[in-house]
Amino acid sequence: MLEIQRLRSHKEEVLAGLSKRNINATNTINELLEMDALWRENKTQLENISAELNQLSRKIGDCFKNNQAQEAQQLKNETQELKVQEAALKTHVDELDSKITTILYSLPNVPHVDVIQGRLPEDNQLIESQGELPTFSFTAIPHWDLAKKHQLIDFELGVKVTGAGFPFYRGKGAKLQRALIAFFLDEADKAGYEEFIAPLLVNEASGIGTGQLPDKEGQMYYAPEDELYLIPTAEVPLTNIYRDVLLPNEDFSIKLTGYTPCFRREAGSYGKDVRGLNRLHQFDKVEIVRIEHPKNSEKALNEMVSHVRDLLIKLELPFRILRLCGGDMGHASAMTFDFEVFSAAQEKWLEVSSVSRFDTFQSNRLKLRFKDAQKKSQLCHTLNGSALALPRILAAILENNQTPDGITIPKVLQAYTGFDRIT
RNA sequence: GGUGGGAUGGGUGAGUGGCUGAAACCAACAGUUUGCUAAACUGUCGUACGGGUAACUGUACCGCGAGUUCGAAUCUCGCUCCCACCGCCA
C-alpha cells in the first residue's frame, strides 16, 4: 500500500511512476487527495469536539465532588448536543477513512526509476544471458514424456487422488525433488539466510500483510471452516513474522529462507502453458526474504540476484535474466528481475524465479518499522525471491540433460541424490 | 470436544467508574562519579494519527467489536486468542 504522505507530497512523481505500468491514475489520486483533505478537516473538528466533551466530563466530576449537583446537571445537558455532533462526524470520518483505504489498496506500487515503461513480456529488458543452449543429435523429448518413461512423476495418479495440477513424484523423481530442496536450502544457509519451516495455512491478516488480500483473493485456496488460506508462497508466512514489528534501531539486516509447498488456484490458466510441470496447483519452492534498511535495499536486491544466478550456474542450466517492464510487474513490486531457464525440448524459456524489491509497499501494510537515529519510526524495506521454484527447474534438468540412454544428474546434485544418472 | 483461569506499556505486574496514558520493579538509553569494568546516584523511557516552521498541542488506543454513562482499563454483551486439567489423536 502506498503511503498517503507520499501522495500528498510527491503526487507528480507517483503519477509518472504509475504511468510506466500504463496506468493513468490522475483522476483517482486527485479524488483521493480531495477526500484526504476533507478527512483531515473533519478529523480536526471531531477531535475538537471530543476535547470539549472531555473537559465537560471532568468538570461534571468536580461538581459532584463539591456537591454541586445542580450545576452538574446543567453541564450534562450541554454535552447532549455535542455528543450528537460527535457521533455524526465520527460516522463521516470513518466512511472517508474506509474509502481512502480502499483506493490506497487498489493502487499498485510505484516502479523504481530504473524500470522502463512497457506492456508486454517482450518489453522486458534482457540483463544477462548465460550458458550454452543444448543441441541434440536426436529429437529431444519433453519432460512429461521423460517423466513417464522413467517413472519420475505420475500426473494421472495426481488427477485420481486430487485433480489436475497435483502430481505425484515417485522413485528417483521424488529423490531428485528432495535433493533440489536440500541443495537450495544449503546454499541459502551458506549465504546467511536463517531457515524456517513455516505454517502452510495463514490467517486473513497475514494475507493482507503481504498483499495477497484483497488484491488476489481468488488465487488462494481457502478453508472457510477455519478462515485460513493455503499459502501461495513462503513469502507470506516468512514476511508476516515481522508484521506489527518495530525494530529498535537502524542496525538490522534480516535474511530468512524456507522451503514450502505452494498452493495456487491459477484460475483461468489453460492450454499448452500448463502442460506437465509448467504450471501446477501445488509445487515446491525455496524462498528467500529480506527485511532491510531503505538505504540497503538496492544492495540486498543485487545480492539476491547474484545468489539465484549462482544457483543456476551450479545447476549448469542455461538461463537469462530480465528486468521486468512496468506493465509486467506484480502489484506490490517496485522492481522485479525474472530468471528464465531454457527448456530444450519445449524450446522455450521458463520462468523459474522472480526477485523483487517492494520498498515500503509491504511494510506499510505490515506495519513493519524501525527506529532511526532521531528515534523516529520509519518503514523498513522488504524484498523476496524464489531460490528456486522446483517444477520448471526439474523440467529443464530432465530435458536439457537427456541422452539416448538416460538423464544425467547435475554434478552439484549428485551428493544429494546418491545417483548420477536416471536410466 | 469438556471444565476452569486469563489477556494492561520491551518484561514482571498494580489498578472495580473521574485524581490513570496508566503505580512499582526490571530491562533499555543518556549523564555524574570512577584509571577501566562494576556499583551507586540523577534523568529519559509506548504507539498511531491530526494541527503547528517549531517548541508544543489535541485525539485515539489497557486482546478485538459493540453497549451503558456526562465520564470506562475498570460495568454489560458478543467474539478472538492464550494457559491449565480432562477426552481424542500423529
Practice problem: Treat primed atoms plus P, OP1 and OP2 as sugar-phosphate and everything else as base, then score nucleotides 54-64 of chain B 5' to 3': B for base contact with protein heavy atoms under 4.0 Å, S for sugar-phosphate contact only, - for none. | Solution: ----BBS----
Quiz item: Under 4.0 angstrom, heavy atoms only, what part of the nucleic acid is A:K59 near: base, sugar-phosphate, or nothing?
Solution: nothing
Practice problem: Taking salt bridge (charged side-chain N to carboxylate O under 4.0 Å, His left out) as the test, write out the residues that go with A:E287, two or more places apart. | Solution: A:K285
Quiz prompt | Distance in angstrom units between A:N77 CG and B:U69 P, rounded | solution = 14 Å
Quiz prompt | Test salt bridge (charged side-chain N to carboxylate O under 4.0 Å, His left out) applied to A:R365 - qualifying residues, sequence neighbours left out | solution = A:D215
Give the table of side-chain donor-acceptor pairs shorter than 3.5 Å for residues 169-182 of chain A, with sequence neighbours excluded, one pair per line with atom names and distance.
unit_1	atom_1	unit_2	atom_2	d
A:R170	NH1	A:D154	OD2	3.4
A:K172	NZ	A:R421	O	3.4
A:Q177	NE2	A:D284	OD2	3.0

Self-check item: Partner nucleotide of B:A72 by Watson-Crick or wobble geometry (both distances under 3.5 Å)
Solution: none
Quiz item: Between B:C49 atom C1' and A:D36 atom CG, what is the distance in whole Å?
Solution: 11 Å
Self-check item: B:A55 to B:A60 separation - C1' atoms, rounded to the nearest Å
Solution: 23 Å
Quiz item: Given atom NZ of A:K376 and atom P of B:C29, what is their separation to the nearest angstrom?
Solution: 23 Å
Practice problem: Would you please name every residue forming a ring-ring contact (aromatic ring centres under 6.0 Å, His included) with A:F419, sequence neighbours left out? | Solution: none
Practice problem: Name all residues meeting the ring-ring contact (aromatic ring centres under 6.0 Å, His included) criterion together with A:Y193; count only those two or more places apart in sequence or in a different chain, and write none if there are none. | Solution: A:H307
